[in-house]
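In what follows, chains are A, B, ... by sequence order, proteins preceding strands, each numbered from 1.
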Amino acid sequence: MVDILAVNLLTKTFGRLRAVDSLTFEVREGEILGVMGPNGAGKTTLFNLLTGVYKPDEGDIQYQGKDISHESPAKRCRRGIGRTYQIPRPFDKLTVFENLLVGAVHGGGLSEKRARGKVQDILNLIGLMSKTDHFAGSLPLLDRKTLELGRALATQPTLILLDEIAGGLTEKEATKVLGIVRKISEQGITIVWIEHLLMMMAEGADRLLAISEGRWLQCGDPKEVMNSTEVLDGYLGAEEE
Amino acid sequence: MEDFAQPIVNGILLGGLYAIIAIGMSTMFGIVKLVNLAHGDLMILGSFLSLSLGTWMGIGPLWTLLLVVPIMYFVGFFVQGFLLNRVLGKEMEPPLLVAFGVSIILQNLLLMIYTPDARSLMTDLAVKTIPITSYLNIPVIYLLDALIGVAVITILYLLFQRTYLGRAIRAASDDEVAARLMGVNTRNIYAKAMGIAMMSAGVAGVLVGMTFTFYPHTGPQYLIIAFGVVVIGGLGSMKGTLAGGLILALSQLLGAQIFGPGYQLFCGYVVLLIVLAVRPQGIFGTV
């Protein structure tokens, strides 16, 4: 498998805090890479760096062999990087259909006709066909989470970054979301997935990257990473404190 | 009743003009959360553009709209894209100061080119009336102002609700960061939105020029009217802008009828204060 994303010595500081510290890893095309770490480990900062919301202080990000470290979020999206938020951020005043349409037209670069067709497919996949005309602001949490997934998909991504997509959901709801994530993966889309629910990581991820205090701890087979001494010390130890 | 029929009709029609004066400012606040202090001057720029084009080409003010509206789009695109976008997201003050600077530059530029003399856009419509009864006439120019005002607001509403540009504008105003992550070039969208807002200001400028006299420094006077309308109706709301225009114009004209012409502006501001006290977010406002 070739690398779709390569992160080299990426660093981001906020004042004296090194939120991401010389982080280096790569993401292989078509895989699901889980990212784990205790609260404050720098996971969401990492996503903000990958999507261009933050500019790195040092290091670079190579996407499909091209340095995208200083490109705008919109340009990275049009290159094929989609993203969901831990706390869903749909456009509340737009309907479900319009939310997806914005992504398909602007991020996916589709024409009006093709965008509408694509949105119908995504609505089927995420199970929101019956709520097409509902305003996003009126949806319950599970629907907002699946709409987040749908919006990321609408931008025609080759890589999706999922930020705790199952966070705050019941076990049954989380299983439904996991099913959608698997279907997305089956379409050949590469996924980088932050999740606190380690069982989902064990079940869903092909490889697992563990970070702590912004630094690389381990990367490899999920079960091996979860049981490694470094991770148990740096992650599970921190959780117990 | 006979005494009040004329001011009520005039008030309703003038409300349409007030609404189109304010709609651009209200729209930009709704989208970028920007209070455009140069709105009145940009609108008056539309009046002067119409004056120059009409004189140069020998055409009536309404025909000049065909050129004024697209020119105002590019003026708005430039002001937002090259000036205001640079200071967005850096607290509230910098965009206010930039808009204030644009206002001062425009006023002085117009003063330099056109001198401080009173101007108006000559049209036969300004003196025509439609007699209804012995005590009620409908001034044609007011009727035209109201009809065009309502038409422009309706077109803007449809543009924002039904088009891809409109959806992108609404998405960017809802959550700028999320919109950028969905591939929306928000800064370009803001510039286009300002261009559209200035198209409406251009139409308002031509209508104002046909209805009243104007000077290079008249802009702030209309900025205050626009503020009054959006405060009463609610910033960012199109329905509110229409309602605000009606309420402000009616209260001014009815106040003038009851207390005398000297109380026209006073009565408008009293209603404004009452709305602020009872419903600070405006009648249709949410913020």
- Item | Within residues 54-89 of chain A, residues adjacent to chain B where the heavy-atom gap is under 4.5 Å | A/P73, A/A74, A/C77, A/R78, A/R83, A/Y85, A/R89
- Item | Per-residue contact mode, A/T155 against chain B (heavy atom under 4.5 angstrom) | side chain
- Is chain B contacted by the side chain of A/V53, its backbone, both, or neither, given a heavy-atom distance below 4.5 Å? side chain
Exercise: identify the closest heavy-atom pair between [X] and [Y]:
| X | Y | value |
| --- | --- | --- |
| A/F91 | B/M182 | CZ-CG, 4.1 Å |
| A/T51 | B/L181 | CB-CD2, 3.4 Å |
| A/R116 | B/R167 | NH2-NH2, 3.9 Å |

- Message: Which one wins on heavy-atom pair count under 4.5 Å against chain A: B/A179, B/A178, B/A171?
- Response: B/A171
How about [X]: does its [atom1] atom have over 12 heavy atoms from other parts shown lying under 6.0 Å from it?
| X | atom1 | answer |
| --- | --- | --- |
| B/F74 | CZ | no |
| A/Q187 | CD | yes |
| B/Y164 | OH | yes |

- Query: Looking at NE2 of A/H106 and CD1 of B/I189, how far apart are the two atoms once the value is rounded to the nearest 0.5 Å?
  - Reply: 5.5 Å
